[in-house]
Visitor: 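I am attaching a structure below and will ask some questions about it afterwards.
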Amino acid sequence: MGRTYIVEETVGQYLSNINLQGKAFVSGLLIGQCSSQKDYVILATRTPPKEEQSENLKHPKAKLDNLDEEWATEHACQLMFAVEKSINRKRLWNFTEEEVSERVTLHICASTKKIFCRTYDIHDPKSSARPADWKYQSGLSSSWLSLECTVHINIHIPLSATSVSYTLEKNTKNGLTRWAKEIENGVYLINGQVKDEDCDLLEGQKKSSRGNTQATSHCFDVRVLTQLLLNSDHRSTATVQICSGSVNLKGAVKCRAYIHSSKPKVKDAVQAVKRDILNTVADRCEMLFEDLLLNEIPEKKILKKSSTSSLIESLFPFLDPL
């Protein structure tokens, strides 16, 4: 039996209104959340065309009548694995063994509006397609729970002078990976309490007259406590590294994660918060370094001290709290 996808009704309306603009087909992304029981889709967005493609929309090279359905299906599958590969390159966290690795592809016929829903295992590029159920539901995301968290960061990233193959991107990724371990191993307080990870997130909430658990507030306050390794079981040794400079990331980031309201566990909520923290910092660093990474030349793999200092100064306005 395949997986079931519960889809926000407005997603169906969006998909039915997509205009091909003379193109043979268009692609896009489905945004939602996976769980052990069901998967949820709350948003769909079309892939925006590149600037150089915009002028060619009036003169398409292929007609819909000539579209090879098998190729379109294969294209969508390749697109899914390509997106996963791109995301994995900068991801600061790893999948857990319990986590669902199946992702959905949806094919819609522009003329008949017929839907073909299939899933693939993103951890296995050779996996075959499996059928899945696609069911619409109104007001799906209105009952979702949100978790808000502000994290103060102070990350020191040395820029190695001995490894000439270490680009700014690689140095940054190594520094963020070390910091990510602190976030992964931190203690998370939900509304000021430490809860067992297998407990129901809504445990203790009031019940309605129908017997359903209702959250007194759809928003939870989360605080992160990072652990200090002071006992003898966690010894650390100092290391000496020759560097041409360093980057310091200081400031605060405000994160917000969402989780479905169908019997969510504490561990699911904590995981969602952790990943939003890691994704937010990684994405903001990528935006800050974008120009430097694009203009980085092979002969100067490592930033000089002068350029590092100016980089640090430019970081503060972006990362300081409002």
Side-chain angles (χ1 to χ4, degrees), residues 1-12 29-44 84 91 93-106 117-123 130-149 183-225 255-280:
M1 182 178 178
R3 298 189 62 79
T4 298
Y5 286 83
I6 308 299
V7 186
E8 176 67 54
E9 200 170 56
T10 54
V11 171
L29 296 175
L30 297 171
I31 301 172
Q33 195 170 83
C34 299
S35 72
S36 58
Q37 301 296 327
K38 300 176 182 178
D39 294 338
Y40 304 89
V41 178
I42 61 172
L43 186 66
E84 172 60 25
R91 185 179 284 150
W93 47 268
N94 298 316
F95 280 93
T96 63
E97 294 182 357
E98 301 176 353
E99 203 162 353
V100 176
S101 60
E102 286 185 80
R103 295 295 183 268
V104 65
T105 61
L106 192 71
C117 185
R118 301 178 180 88
T119 61
Y120 294 86
D121 186 347
I122 56 173
H123 293 167
R130 298 183 59 190
D133 292 329
W134 186 264
K135 299 180 179 180
Y136 289 112
Q137 180 178 320
S138 61
L140 174 63
S141 59
S142 61
S143 60
W144 278 39
L145 311 172
S146 65
L147 304 107
E148 294 186 354
C149 177
I183 298 299
E184 289 284 0
N185 297 327
V187 176
Y188 288 76
L189 305 179
I190 300 179
N191 288 344
Q193 297 180 339
V194 177
K195 297 185 177 182
D196 187 87
E197 63 176 14
D198 290 323
C199 286
D200 189 338
L201 179 63
L202 298 176
E203 187 177 38
Q205 300 288 339
K206 295 181 180 179
K207 290 189 176 182
S208 65
S209 58
R210 296 182 179 180
N212 298 322
T213 303
Q214 301 289 333
T216 55
S217 173
H218 286 306
C219 184
F220 293 84
D221 176 68
V222 181
R223 297 187 181 183
V224 185
L225 306 178
C255 304
R256 177 180 293 173
Y258 293 90
I259 189 169
H260 60 86
S261 56
S262 179
K263 299 181 179 179
K265 298 291 185 181
V266 170
K267 62 181 179 182
D268 299 327
V270 170
Q271 183 186 80
V273 173
K274 285 181 181 179
R275 292 184 176 178
D276 190 65
I277 294 172
L278 299 178
N279 290 340
T280 299

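All values below were derived from every heavy atom in this structure, side-chain atoms included, with hydrogens, water molecules and symmetry-related copies excluded.
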Visitor: Find the distance between NZ (K263) and OG (S36) and round it off to the nearest 0.5 Å.
Guide: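 One gets 10.5 Å once the value is rounded to the nearest 0.5 Å.
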Visitor: Can you tell me how far apart CD1 (I6) and OG (S141) are? Round to the nearest 0.5 Å.
Guide: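 I6 CD1 to S141 OG: 13.5 Å, rounded to 0.5 Å.
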Visitor: Got L106 and Y5 here, is their nearest side-chain heavy-atom distance under 4.5 Å?
Guide: no
Visitor: Any side-chain heavy atom of I183 within less than 4.5 Å of one from W93?
Guide: no
Visitor: In Å and rounded to the nearest 0.5 Å, what is the SG to CZ distance from C219 to R256?
Guide: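 One finds 6.5 Å between SG of C219 and CZ of R256.
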Visitor: Please tell me if the side chains of L201 and F220 come closer than 4.5 Å, counting only heavy atoms from C-beta onward.
Guide: yes
Visitor: Backbone N or O of D221 within a donor-acceptor pair of the N191 side chain at under 3.5 Å?
Guide: yes
Visitor: To the nearest 0.5 Å, what is the distance between CG on D268 and CG on L147?
Guide: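 That separation rounds to 10.5 Å.
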Visitor: For E203 and K195, which heavy atoms make the closest approach, and how far apart are they?
Guide: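 The answer is O-NZ, 4.3 Å.
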Visitor: Is there a donor-acceptor pair closer than 3.5 Å between any side-chain N or O of E148 and the backbone N or O of C255?
Guide: no
Visitor: Would you call K265-E98 a salt bridge at under 4.0 Å N-O?
Guide: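 Looking at K265 and E98, the cut-off is not met.
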Visitor: Any chance you could measure K267, atom NZ, to D196, atom CG, to the nearest 0.5 Å?
Guide: 9.5 Å
Visitor: Is a salt bridge present between E84 and R103, judged by a nitrogen-to-oxygen distance below 4.0 Å?
Guide: no
Visitor: Which pairs with one or both residues in residues 31-44 pass salt bridge (charged side-chain N to carboxylate O under 4.0 Å, His left out), sequence neighbours excluded?
Guide: R3-D39
Visitor: So I277 and C149, do their side chains get closer than 4.5 Å, heavy atoms only?
Guide: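 Touching, per the 4.5 Å side-chain cut-off.
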Visitor: Quick one: pull up CD1 in I122 and CZ in F95 and give me the separation to the nearest 0.5 Å.
Guide: 4.0 Å
Visitor: Determine the minimum heavy-atom distance between E9 and Y136, stating which atoms define it.
Guide: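 Minimum heavy-atom separation between E9 and Y136: CA-CD2, 4.1 Å.
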Visitor: Tell me whether the rings of H260 and Y40 are parallel (<30°), tilted (30 to 60°) or perpendicular (>60°).
Guide: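 Parallel: the ring planes of H260 and Y40 meet at under 30°.
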Visitor: When you compare the side chain of L225 with that of L189, does any pair of heavy atoms fall below 4.5 Å?
Guide: yes
Visitor: Side-chain contact test, heavy atoms from C-beta onward, threshold under 4.5 Å: evaluate it for V270 versus I190 and give yes or no.
Guide: yes
Visitor: Would you say the side chain of V266 lies within less than 4.5 Å of the side chain of Y188, judging by non-hydrogen atoms?
Guide: no
